[in-house]
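Before any comments, here is the structure.
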Amino acid sequence: GEIKMMTIRRILVPIDFSEPSLKTLDEAVEFRRPYDAELILMFAVERSFNQSPLLVPDSGALLEQQAQAAEAKLEEICGGLGKRGVKCRTLVDFGVPYQAIVYAAKKIKASLIIMSTHGRTGLAHVLIGSVAERVLQHAECPILLFRRLPAPEQRGRRANRKA
């Protein structure tokens, strides 16, 4: 029998504005083409639990500012994609990134999540790709992961060089 092509209508692309996540967005733009799928660009505003409420009495306003800044950046990216004929929406949510991503995917009925394995995480790269890993464990839709390695000079001398 013939192979049925997956129906891909909506692709969730979590972005943290790091270089790996923006490169992955480029891949998503290419990937959506045959399906003419809509891209939903998403940013999760993380409430930092490590900051004592005593130090930041008005952290709610701070998060709101961060959300507005992220929204503006995403809108700008979407606007540029729109000019190239890409259907695009933005989504900013609050919470632990992987949970926010999983929840968003469910909420918008995403056909697919496309993300990079190397964004910034709260633990400053101690757990490289921990967000992607957790999304993998919890999301209900398929996930396409792009593996992003840091630039060679950041990898140190112990990097295994593949010829």
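Side-chain atoms are counted along with the backbone in the values below, which use heavy atoms only and exclude waters and symmetry mates.
Rounding to the nearest 0.5 Å gives a distance of 13.5 Å between CG of L41 and NZ of K73. Taking CD1 from I101 and CD1 from I113, the interatomic distance works out to 7.0 Å, rounded to the nearest 0.5 Å. For the atom pair CG (L25) and CD (E30), the distance works out to 10.5 Å, reported to the nearest 0.5 Å. The distance from atom CD of E27 to atom CD1 of I114, rounded to the nearest 0.5 Å, is 8.5 Å.
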Intermediate values then yes/no, side chain to side chain contact (heavy atoms under 4.5 Å, CB included), Y35 and I11: CA-CA 10 Å; Y35 308 96; I11 301 173; 5.6 Å; no
Check the pair I108 / M42 against side chain to side chain contact (heavy atoms under 4.5 Å, CB included), numbers first and verdict last. CA-CA 11 Å; I108 64 166; M42 175 193 180; over 6 Å; no
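Closest non-hydrogen pair, P14 versus S21, comes out as O-CB, 4.3 Å. Here the closest non-hydrogen pair linking I8 and F31 is CD1-CE2, 3.8 Å. For I143 against L112, the heavy-atom pair with the smallest separation is N-CD1, 4.1 Å. L12 approaches A105 most closely through the heavy-atom pair CD2-N, 3.7 Å. Contact detail for I15 and F17: the closest heavy-atom pair is CG2-N, 3.3 Å. Across A132 and T117, no two heavy atoms sit closer than the pair CB-CA, 4.0 Å.
More than 12 non-hydrogen atoms from other residues, nucleotides or ligands lie less than 6.0 angstrom from NZ of K107.
Of the possible donor and acceptor atoms, one in the side chain of S111 sits under 3.5 Å from a partner among the backbone N and O of R10.
Under a hydrophobic-cluster definition in which Ile, Leu, Val, Met, Phe, Trp and Tyr are linked whenever side-chain heavy atoms come within less than 4.5 Å, directly or via other members, Y103 and I40 are assigned to different clusters.
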For residues 78-99, run the donor-acceptor check on the side chains, cut-off 3.5 Å, and write out each pair with its distance to 0.1 Å, sequence neighbours left out.
unit_1	atom_1	unit_2	atom_2	d
K87	NZ	D36	O	3.1
K87	NZ	D36	OD2	3.3
R89	NE	E38	OE2	2.9
R89	NH2	E38	OE1	3.3
T90	OG1	E71	OE2	2.6
T90	OG1	E75	OE2	3.0

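Taking the centre and axis of the six-membered ring of F146, the NZ or CZ atom of K23 falls outside the cone set by 45° and 6.0 Å.
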